[in-house]
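Report on one structure; see the data block that follows.
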2 protein chains.
Amino acid sequence: MALVFSSGSPAGGPRSAPQILGAAREVLSAQGYAALTIEAVAAAAGVGKSTIYRWWPSKEALVADALAEIFRAEEIPDLGDTRAELRHAVDMTIDNYANEDMAASLPALAAGLLHHPELLARFRESFLSRKRENIAAALRRGVRRGDLPDDLDTDLVQDVWAGTIVYRRLMTGAPLDADLAERLVRLVLHSPPLRAPREEAAPGGASPSRLDPAPEGKVRRSPG
Amino acid sequence: MALVFSSGSPAGGPRSAPQILGAAREVLSAQGYAALTIEAVAAAAGVGKSTIYRWWPSKEALVADALAEIFRAEEIPDLGDTRAELRHAVDMTIDNYANEDMAASLPALAAGLLHHPELLARFRESFLSRKRENIAAALRRGVRRGDLPDDLDTDLVQDVWAGTIVYRRLMTGAPLDADLAERLVRLVLHSPPLRAPREEAAPGGASPSRLDPAPEGKVRRSPG
DNA sequence: CGAGAACGATACGGACCGTTTCATTCGCGG
DNA sequence: CCGCGAATGAAACGGTCCGTATCGTTCTCG
């Protein structure tokens, strides 16, 4: 991944990008996103701060590039075994949030980007799109094998997986262990409701559960 | 909710707490967590900044109190209908993340608290515990009615619910609508894997919720 | 009406910001 | 091996916000 967020203004290219991004990760991992300052990164990298400002327009852009280099988004190998592939996907996501400060940096970064739509879009593209497409491919294989329903909502699956993982790391502090991974996998393997939105009636196959009268509800705002 | 994070040092109590917390919410909602400064809140509240520093030890504490006042964590009423109660719980959570900047503030705050264990613990206690216990009570009613499996993992259910909602708001930007709510409800109503970890089941009693990391017996206590 | 608490204004040193200037070093092509 | 342009690092700038301290004023309650 090559400096997606660098402004890349001058001609020759940055000489010290590796040290700078490494130092950024170091500070991030030790001090957290909030405590990261450009001057601290410059000092840790043994670099003048003007060098950093020459190549990255903001702290956000720098951190995004630093995180992008360690964010795993590889293809899920075709293992011929849907359960194993799902587990692989979940493990990859858990890996991405292994370090507590790193894990916190991503949401913090996203939060800080809410008022920078341009960077936010690039952030989502860079971090989410590729990984989601790779996992979606594995999910589609599972559908083809008949292990998953053909109208599986692959976006919702990923929101549930990543959401649960991030939420545990950041909010409840619960462990991200093998047990969680296994449960998240099973949740998808055995959950009829994780279906794609259907325009009309259900497509020929699945019969709805009797406990599920399919109420077409409208959103309500509950009283205070 | 009464100023959980205020240091409450002086005697008489703050006179201008309402204006200050209101201004904090205003700034938070308009500018976001990162852009919130004590001086900006003071100005917006028409208050000297020394007044804020007199009652709150840090930006984090102030924001925590400001958010606590609008964070919904009420009991789920016994509607005699498990599906309706689950929907109620999900809607309450979605409500809590209605405003984008507010929604982002909570994770950003948690991220900023990672290096302040004392405040982090109070944050989790204040924001998560009560709400989780209330939702857990509703889930237990569902179990008693036979609509949910006896060994439902109420903690995992809530991590999945809240996690998916927060993740959508913050990371993917996907809508938090009635469709999502309905899917999250169905996910629980029809998902065998959402079971409790194999331990001694304690039927009837209140299930202890694990909100603290507490990895293997290490219990963190806070000095009064 | 008086005491004490809460308040606001103001000023302070310090950290970082983001920018500019300028002399120095690097590294590639000739 | 040399030179030239690109990249660099040091320093200094005005600016914002931090968190603290001081001090005179205003509120509140007994």
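Every heavy atom of this structure was used, including side-chain atoms; hydrogens, water molecules and symmetry mates were not. Order of the sequence lines sets the chain letters (A, B, ...), proteins ahead of strands, with each chain counted from 1.
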I need the NZ-C1' distance between Lys49(B) and dC23(D), as an integer number of Å. 16 Å
Asp159(A)/Arg132(A) ion pair, N-O < 4.0 Å: yes
Stretch residues 34-48 of chain B: residues that reach within less than 4.0 Å of DNA chain C through a heavy atom: Gly46(B), Val47(B), Gly48(B)
With side chain to side chain contact (heavy atoms under 4.5 Å, CB included) as the criterion, how do Lys59(B) and Leu62(B) come out once you've worked through the C-alpha distance, each side chain's angles and the decisive distance to 0.1 Å? CA-CA 5 Å; Lys59(B) 161 177 169 174; Leu62(B) 173 63; 5.7 Å; no
Neighbour count above 12 (heavy atom, 6.0 Å) for Glu133(A) CD: yes
Can you check the Trp55(A) CH2 to dT8(D) P distance for me, whole Å? 6 Å
Regarding Asp155(B) and Arg168(A), does a basic nitrogen lie under 4.0 Å from an acidic carboxylate oxygen? no
To check you understand the geometry: which heavy-atom pair defines the closest contact between Arg141(A) and Ile76(A), and what is its length? NH2-O, 2.8 Å
For DNA chain D, find the residues of residues 107-116 of chain B with a heavy-atom distance under 4.0 Å and give them by number; none if there aren't any. none
Taking Glu182(A) first and then Arg83(A), would you say they form a salt bridge - that is, a charged N and a carboxylate O separated by under 4.0 Å? yes
Which nucleotide in the list dC7(C), dT8(D), dT20(C) gets nearest to the side chain of Ser50(A)? dT20(C)
For atom CD1 of Ile52(A) and atom P of dC16(C), their distance in whole Å: 13 Å
Test side chain to side chain contact (heavy atoms under 4.5 Å, CB included), reference Val90(A), set Asp95(A), Leu187(A), Leu184(A), Val188(A), output is Leu184(A)
Any base atoms under 4.0 Å from Ser58(B), or only sugar-phosphate, or nothing? Heavy atoms, all strands. nothing
For the pair made of CD1 in Ile20(A) and C1' in dG9(D), what is the distance, rounded to whole Å? 11 Å
When the distance from NZ of Lys59(A) to P of dC16(C) is rounded to whole Å, what number comes out? 11 Å
What is the separation between atom OH on Tyr53(A) and atom P on dT20(C), rounded to the nearest whole Å? 13 Å
Main chain of Val4(A), side chain of Arg122(A): is a donor-acceptor contact present, judged purely on distance under 3.5 Å? yes
Taking atom C1' of dT8(D) as reference, at what distance in whole Å does atom CH2 of Trp56(A) sit? 13 Å
Please report, rounded to the nearest Å, how far the C1' atom of dC16(C) is from the CD atom of Gln31(A). 15 Å
Verify, without hydrogens or angle tests, whether Thr37(B) (side chain) and Ala40(B) (backbone) share a donor-acceptor contact under 3.5 angstrom. yes
